[in-house]
Every structure is written in C-alpha cells, then in structure tokens.
*Asks:* 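Here it is, the structure in full.
What you see below is based on every heavy atom in this structure, not just the backbone, and it leaves out hydrogens, waters and symmetry mates.
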Amino acid sequence: MSKLTQNVEAVESEVDHVLGAEYEHTAVPMAARRSMFSVTTVWIGFPMIITGAMTGSLLVLGMGFANALTAMIVGNLIMLVYVGLLGLLGTKTGFNFALMASVVFGRKGYVLASGLLSTLLLGWYAVQTGITGALISTAYELNYVMMTVLAGVLYIGITFVGVRGLHAIGLVSVPAFIILGLYVMFDAASTTSWDAIYAYAGNNGVATMSMGVGLTVVIALFIDAGTVTADFNRWAADSKSSLVATFSAFPFANLVAMLVGGVTTAALAVPDANPFGADNMFGYMNAKQIGFLSVLAFLFLYCNLGSVCAHCLYNAATGWSRILSSHMRIMAVVLGIIGIVVAAGNVWAFFIEWLSLLGILVPPIGAIIIVDQYVLRRPAVIDQDWRGQAFLAWIIGSLVAFVVEFYAPYLSTAICAGLAGGIAYAVIGQASAAQKASA
C-alpha cells in the first residue's frame with residue numbers, strides 16, 4: 001500500500017469519525033439507525049421542490065386542472081406503494097440500493113442496474129443545478145455559468161456532510177416551501193374563483209396530454225430516486241419509521257409541490273405559459289417587485305433546489321462508491337464537479353426527454369426487486385455473480401415500454417414498464433422453480 005493511499009484512508013477515517021460513517025459497502029447497523037423524524041426530514045425535503053411545482057404546471061397546461069389533479073393523486077399513490085415496498089426492504093436489511101441490486105441482479109450484474117440509476121441521478125443533479133443557474137441569471141441578470149457553478153459547489157458541500165446534511169437542508173427547505181408556496185398559490189387564487197381554477201381546461205383551452213402520459217410524468221419525476229429508496233430508508237430504525245418517511249414524500253410532499261404549481265397556473269391562466277421560464281412560483285415572487293420578497297426568492301431557490309440536488313448527488317455517489325470500491329464523500333466531490341460541467345452546458349433544457357427515458361428504463365428494475373424479495377426469494381442473499389432471469393425480465397419490461405411509447409402513447413409508459421417487468425420476472429422465476437423441481 002502506497003503512502004498516498006494510506007494518507008487518503010487516514011483522512012477518510014477522520015472525516016467519518018467527525019461526520020459519521022455512510023456504510024457504502026455494508027449494511028447500516030441498528031446502532032447507527034436514525035430517528036423517525038430524521039429519516040422523514042430526509043425524504044420530505046426531496047420532492048417538495050420548485051421543480052415539482054413546475055411539473056404540476058405542465059400537467060395543468062396539458063391536461064386541464066381536473067384531469068391533472070387526478071393524475072397527481074393516482075400517480076403519487078402508485079409511488080407510495082412502489083417506494084414503500086422498496087423502502088421496507090432497505091430498512092429490513094440495512095442495505096443501500098447497490099447492495100440490494102446485488103441480491104437480485106448478482107454480485108457483478110448489479111453494476112448495470114446501479115450504474116444506470118446512479119448515472120441518471122447524476123444527470124438529475126446536473127439538470128436541477130442548471131435550472132438554478134438559469135432562473136437566477138434570468139431573474140437578476142447575472143452570469144449563468146457563475147450562478148450555476150456557485151449552486152453546484154454549495155450542493156456538493158451539503159452532500160459531503162452525508163445523510164446528516166440531507167436532514168439539515170430538509171429542515172430549512174420544507175418550511176420555506178410551505179410558507180412561500182402557499183403564499184404564491186393563495187395569492188394567485190385570490191385573482192379568480194376556485195370554481196374557475198377547477199374548470200381550467202388547459203393551455204389556450206386545449207388539453208393535449210392524455211391521462212397515461214400525465215401518469216408517466218408524475219411517476220417518472222421521482223421514479224429513479226424512488227427506486228434507490230433503500231439509500232435513505234436503510235437508516236430507519238423500524239418499518240413504521242420507513243413507511244412514515246415514504247408517506248411524507250409520496251403523496252404528501254410531492255402532491256403539495258405539484259398543487260402549488262398547478263393551482264397557480266390555472267388561476268393565472270397565462271396563454272402559452274412557460275413553467276421553466278418566468279411562469280412559476282419563483283417568477284411570481286419576483287414579479288411582485290417587492291425588495292424583501294425578491295431576496296427571499298433568491299435564497300429560497302438556492303436552498304430549495306439545493307435539497308433535491310444534494311439528494312440526487314448522494315444517491316449517485318453512494319452507488320458509484322460501491323461500484324468503484326471508493327468512498328461516498330470522494331465520489332460526491334468528483335461526480336459533483338462532473339455535474340457542474342454538464343449543467344453549464346444547459347442540459348436541463350432536455351427535461352421532458354429525460355422523464356421519457358426514465359419511464360422506459362427504470363420501473364422494471366424496482367418491480368423485479370419487489371417480486372424477487374416479496375414473492376420468489378425472500379432472503380436477501382447475494383449468491384450469484386449474474387442472475388440472468390432478472391436481466392431478461394428487465395429487457396422485457398423495457399421493450400414493452402418502448403412499444404407503448406410509440407404505438408400506444410395514450411397509456412402510461414412507466415406503469416406498463418413496471419408491470420411488464422414484474423410479471424415477466426414472476427413467470428420466469430416460477431417456470432425456473434418448476435423446472436428444477438421436476439429435474
């Protein structure tokens with residue numbers, strides 16, 4: 001072992017002693033588990049963000065308020081079941097997602113599933129960092145690259161602290177969103193009636209988004225983070241804490257965020273509104289041209305998007321630290337820098353295409369893990385290098401999703417992908433078991 005390696009390991013050990021171990025490669029022991037309040041704060045601070053409000057605006061513009069509300073509620077309830085089941089597995093085993101994927105896809109095969117999700121989450125970090133820089137630079141006529149780099153560095157710092165950092169940013173971000181979000185929503189609603197808001201038919205009175213697509217948008221917004229929920233729920237001390245934390249995110253936090261954007265958009269009824277431009281709660285606060293409100297909007301945006309960025313970077317760093325046999329905090333810095341560079345290239349503009357990709361590739365992964373651990377193979381044991389059955393089911397689920405995307409766009413790609421992958425894995429697993437029994 002080189003002297004440099006020894007020095008790096010010594011620094012890592014000292015950092016872990018001060019900030020706490022992150023257990024990248026082993027199960028979180030019961031002695032290190034955190035309180036229900038702490039785990040709930042980690043989860044609730046993830047989806048209660050301005051991007052969720054923007055998504056709610058997109059849904060209302062595309063579907064009309066009544067249909068969008070249905071999509072928000074149904075989609076979030078689906079996420080509650082999906083994330084809740086995966087979270088319970090993380091709580092039971094203490095495993096992060098990479099370790100859980102090793103059980104289902106194999107001690108070598110997990111790299112494909114974990115690597116994909118970790119990379120997608122790094123992309124989300126870049127997207128949200130880019131949105132931060134774009135909104136700040138547009139609103140205050142500041143340099144986009146400078147504002148993006150500042151945001152990225154701040155978010156790396158939060159992630160570096162670890163799960164304690166996610167807890168801390170949630171304590172600040174959630175109350176700020178509730179206060180400012182409800183102010184914006186009710187202030188906008190005061191300009192019209194609630195009947196008119198509910199009757200809002202969509203952008204220029206034309207609904208262009210089907211219920212299936214709307215459900216996919218709701219689900220795909222957090223399907224990647226929901227699939228790696230074990231990264232967060234492994235810190236829960238018991239099943240009750242795990243479920244409460246999940247419920248705080250889906251449906252509560254995610255639905256609140258979407259409703260803030262949706263109600264505001266329906267109330268203002270701005271023709272050709274652009275939620276990712278000035279037509280959002282951040283833009284609404286700045287449009288008031290009140291000094292202290294603009295300052296609050298500035299601080300709120302960095303804090304609020306800092307919450308989601310830190311969570312995404314934490315997931316990405318946890319996954320890649322397992323894959324590369326590294327340390328979460330080292331990977332957070334390395335991946336964070338990569339994300340800043342990507343964000344400066346304006347990647348956030350591909351937001352809708354990103355959601356479409358997630359809806360096709362990610363849902364089968366979680367569905368397969370759920371079927372494997374709740375139906376076919378209850379013990380969480382890493383016993384093979386590659387588990388071909390899981391990969392075959394993943395391919396089937398994704399292929400079904402591609403077919404739905406192009407030939408039945410009125411259906412929900414995300415739901416079809418998850419159902420197809422889960423059912424395929426159950427059928428393949430039962431057929432394999434029957435074949436072994438008869439041999």
Side-chain angles (χ1 to χ4, degrees), residues 24-27 79 82-83 85-90 93-125 219-220 222-234 311-326 328 331 335 354 357-377 379-402 413-414 417-426 428-429:
E24 300 93 331
H25 309 291
T26 60
M79 287 294 288
Y82 178 82
V83 178
L85 289 173
L86 290 171
L88 285 173
L89 292 175
T93 61
F95 285 178
N96 58 32
F97 174 77
L99 289 170
M100 187 60 64
S102 300
V103 174
V104 179
F105 292 91
R107 62 173 61 90
K108 293 181 179 178
Y110 88 94
V111 171
L112 296 180
S114 184
L116 170 68
L117 278 163
S118 297
T119 302
L120 289 174
L121 284 157
L122 175 61
W124 264 118
Y125 164 81
I219 294 169
F222 276 96
I223 190 66
D224 50 351
T227 301
V228 300
T229 182
D231 288 355
F232 303 137
N233 291 59
R234 64 190 173 126
H311 282 76
C312 288
L313 186 56
Y314 180 86
N315 290 136
T318 299
W320 276 110
S321 66
R322 168 68 178 166
I323 293 171
L324 299 178
S325 299
S326 184
M328 188 283 291
M331 294 309 302
L335 295 177
W354 200 266
L357 174 64
L358 295 178
I360 290 173
L361 296 178
V362 176
I365 298 174
I368 290 166
I369 292 175
I370 289 171
V371 172
D372 183 88
Q373 289 298 293
Y374 284 100
V375 180
L376 299 180
R377 301 187 316 137
V381 179
I382 304 173
D383 57 1
Q384 297 179 43
D385 285 342
W386 297 87
R387 298 196 67 253
Q389 298 173 6
F391 283 100
L392 178 57
W394 185 8
I395 292 171
I396 291 172
S398 295
L399 286 176
V400 168
F402 273 108
T413 305
L419 287 176
I423 293 172
Y425 186 69
I428 294 169

*Asks:* Kindly give the heavy-atom pair with the smallest separation between N233 and G87, and that separation in Å.
*Replies:* CB-O, 3.3 Å
*Asks:* Taking all non-hydrogen atoms of both residues, which atom of Q373 and which atom of V103 are closest, and how far apart?
*Replies:* NE2-CG1, 3.5 Å
*Asks:* Give every donor-acceptor pair under 3.5 Å between a side-chain atom in residues 108-117 and any protein atom, sequence neighbours left out.
*Replies:*
residue: Y110; atom: OH; partner: R322; partner atom: O; Å: 3.3

*Asks:* Distance check, rounded to the nearest 0.5 Å: L86 atom CG versus F97 atom CZ?
*Replies:*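 It is 8.5 Å, given to the nearest 0.5 Å.
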*Asks:* Taking the six-membered ring for Trp and the single ring otherwise, decide whether the centroids of W394 and F105 are under 6.0 Å apart.
*Replies:* yes
*Asks:* Decide whether Y82 and T227 meet the rule of one side-chain donor and one side-chain acceptor closer than 3.5 Å.
*Replies:*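 Result is yes, a qualifying pair exists.
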*Asks:* Nearest 0.5 angstrom please: C312 SG to W124 CH2, how far?
*Replies:* 7.5 Å
*Asks:* Is R107 paired with D383 through a side-chain N to carboxylate O contact shorter than 4.0 Å?
*Replies:*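 Looking at D383 and R107, the cut-off is not met.
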*Asks:* Would you give the length of the straight line joining atom CG of N315 to atom CG of D224, rounded to the nearest 0.5 angstrom?
*Replies:*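 Here the interatomic distance stands at 8.0 Å.
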*Asks:* Under 3.5 Å, side chain of E24 to main-chain N/O of M328, donor-acceptor pair present?
*Replies:*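 At least one qualifying donor-acceptor pair exists.
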*Asks:* Between atom OG1 of T93 and atom CG of L89, what is the distance when rounded to the nearest 0.5 Å?
*Replies:* 7.0 Å
*Asks:* Mind checking the CE-CD1 spacing from M331 to I323? Nearest 0.5 Å is all I need.
*Replies:*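 CD1 of I323 is found 8.5 Å from CE of M331.
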*Asks:* So M79 and I223, do their side chains get closer than 4.5 Å, heavy atoms only?
*Replies:*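 Touching, per the 4.5 Å side-chain cut-off.
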*Asks:* Side chains of L313 and L335, heavy atoms from C-beta outward: is any pair under 4.5 Å?
*Replies:* yes
*Asks:* Please give me the minimum heavy-atom distance between A316 and S118, naming the atom from each residue.
*Replies:*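 In terms of heavy atoms, the two residues are closest at CB-O, 3.3 Å.
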*Asks:* Q384 versus V104: any side-chain heavy-atom pair under 4.5 Å?
*Replies:* no
*Asks:* Identify the heavy atoms of A417 and A401 that sit nearest to each other, and give their distance.
*Replies:* CB-CB, 3.6 Å
*Asks:* Which pair of non-hydrogen atoms, one from A393 and one from I428, has the smallest distance, and what is that distance?
*Replies:*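 Where A393 meets I428 most closely, the heavy atoms are N-CD1, 4.2 Å.
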*Asks:* Within this structure, what is the CZ-OH distance for the pair R387 and Y425, rounded to the nearest 0.5 Å?
*Replies:* 3.5 Å
*Asks:* Is the F232 to H311 ring centre distance short of 6.0 Å?
*Replies:*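 Ring centres of H311 and F232 closer than 6.0 Å.
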*Asks:* What heavy-atom pair brings G421 and P364 nearest, and what distance separates the two atoms?
*Replies:* CA-CB, 4.2 Å
*Asks:* Take T413 and F402, measure what side-chain contact (heavy atoms from CB on, under 4.5 Å) needs, and give me the verdict at the end.
*Replies:* CA-CA 8 Å; T413 305; F402 273 108; over 6 Å; no
*Asks:* Is there a donor-acceptor contact under 3.5 Å from the side chain of S102 to the main chain of A98?
*Replies:* yes
